[in-house]
Colleague: 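Before I ask anything, here is the structure I am working with.
Keep in mind that the numbers below use all heavy atoms, side chains included, and drop hydrogens, waters and symmetry copies. Along the sequence shown, residues are numbered consecutively beginning with 1. These numbers come from a predicted model, not from an experiment.
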Amino acid sequence: MEITIELTREPIARPQVWPAPVAAETGSLVEFYGIVREIEGTAKIDSLYYEAYASMAEKVMRDKIALLQKKHPCQAIRIIHRLGPVAAGQGAIYVGIQSRHRREGFLFLQEFMDEFKKDVPIWKQAA
């Protein structure tokens, strides 16, 4: 599996489109683009501030990917997560998954995002 992980302070360009499938058997590209809402909890906000323990965050993501790859085999995953201030309406995270069929991609994405929120050391707070 090809894995690309970026933690960046730069805006995430939308859409993130891979120029070509990474494998001949790739038939699906599933993407998620998470944006900062103007409401966090019950409060109106202008932005969120993201911090990460970068080396640990990448290790945890790679470990999660390895486990999910056994359940839902895919060919590639690309993760881009913003750090620092991210204004409401802007993208905070992009995840793209290439898989043979859409089912594996959707299942992988859903489980990855659930695990990501729980265990990856990236924190946010209203700015």
Colleague: Do you reckon Y50 sits in the same ILVMFWY cluster as I79, going by side-chain contacts under 4.5 Å, direct or chained?
Modeller: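 They do share one cluster, since a chain of ILVMFWY contacts under 4.5 Å joins Y50 to I79.
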Colleague: Output the distance between atom CD1 (I45) and atom CD (E40), rounded to the nearest 0.5 Å.
Modeller: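 Those atoms lie 5.0 Å apart.
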Colleague: Going by salt bridge (charged side-chain N to carboxylate O under 4.0 Å, His left out), name the pairs with one or both residues in residues 83-105, residues two or more places apart or in two chains.
Modeller: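 Found none.
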Colleague: Do the side chains of V30 and F32 join up, straight or via other hydrophobic residues, at under 4.5 Å, putting them in one cluster?
Modeller: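 Linked within one cluster.
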Colleague: Distance-only check: which donor-acceptor pairs under 3.5 Å involve side-chain atoms of residues 52-71, not counting sequence neighbours?
Modeller:
| residue | atom | partner | partner atom | Å |
| --- | --- | --- | --- | --- |
| E58 | OE2 | R62 | NE | 3.0 |
| E58 | OE2 | R62 | NH2 | 3.1 |
| K59 | NZ | D63 | OD2 | 2.7 |
| K64 | NZ | E115 | OE1 | 3.0 |
| K64 | NZ | D119 | OD2 | 2.6 |
| Q69 | OE1 | C74 | N | 2.9 |
| Q69 | NE2 | C74 | O | 3.0 |
| K71 | NZ | E111 | OE1 | 2.7 |

Colleague: Is M1 reachable from L107 through a run of hydrophobic residues whose side-chain heavy atoms are each under 4.5 Å from the next?
Modeller: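 The answer is no; the residues belong to distinct hydrophobic clusters.
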Colleague: Minimum heavy-atom separation for A88 and R37, please, with both atom names.
Modeller: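 Minimum heavy-atom contact is CB-O, 4.0 Å.
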Colleague: What are the two closest non-hydrogen atoms of I97 and G105, and how far apart are they?
Modeller: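 Heavy atoms of I97 and G105 come nearest at CD1-O, 4.0 Å.
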Colleague: How long is the straight-line distance from CD of Q98 back to CD of E25, given to the nearest 0.5 Å?
Modeller: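 Here the interatomic distance stands at 10.5 Å.
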Colleague: Using a 4.5 Å cut-off on heavy atoms from C-beta on, say whether the side chain of E6 contacts that of R78.
Modeller: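 Yes. Closest side-chain heavy atoms under 4.5 Å.
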Colleague: Would you say the side chain of I122 lies within less than 4.5 Å of the side chain of I93, judging by non-hydrogen atoms?
Modeller: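 No; the side chains remain at least 4.5 Å from each other.
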Colleague: According to a hydrophobic-cluster definition based on side-chain heavy atoms being under 4.5 Å apart (Ile, Leu, Val, Met, Phe, Trp, Tyr only), do V120 and L7 belong together?
Modeller: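 Hydrophobic grouping puts V120 with L7.
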Colleague: Within this structure, what is the CD-CG distance for the pair E10 and L83, rounded to the nearest 0.5 Å?
Modeller: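 Rounded to the nearest 0.5 Å, the CD-CG separation comes out at 11.0 Å.
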Colleague: Are V86 and I5 connected into the same hydrophobic cluster when the rule is that any two of I, L, V, M, F, W, Y join if their side-chain heavy atoms are below 4.5 Å apart?
Modeller: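 Yes, because I5 and V86 connect within a single hydrophobic cluster, where side-chain heavy atoms sit under 4.5 Å apart.
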Colleague: Looking only at non-hydrogen atoms, find the nearest pair between P73 and S99 and report the distance.
Modeller: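 Residues P73 and S99, closest heavy atoms: O-CB, 4.4 Å.
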Colleague: Would you say F108 and I77 make side-chain contact, with heavy atoms under 4.5 Å?
Modeller: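 SC-SC contact between F108 and I77 confirmed.
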Colleague: I want to check something: taking the side chain as every heavy atom from C-beta on, are V36 and Q90 in contact at a cut-off of under 4.5 Å?
Modeller: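 Result no, sub-4.5 Å side-chain heavy-atom pair not found.
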Colleague: Roughly how far, to the nearest 0.5 Å, is CD of E38 from OG of S47?
Modeller: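 S47 OG to E38 CD: 11.5 Å, rounded to 0.5 Å.
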Colleague: Parallel, tilted or perpendicular, judged at 30° and 60°: which one describes the rings of F116 and F112?
Modeller: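 Answer is tilted, since the angle falls between 30° and 60°.
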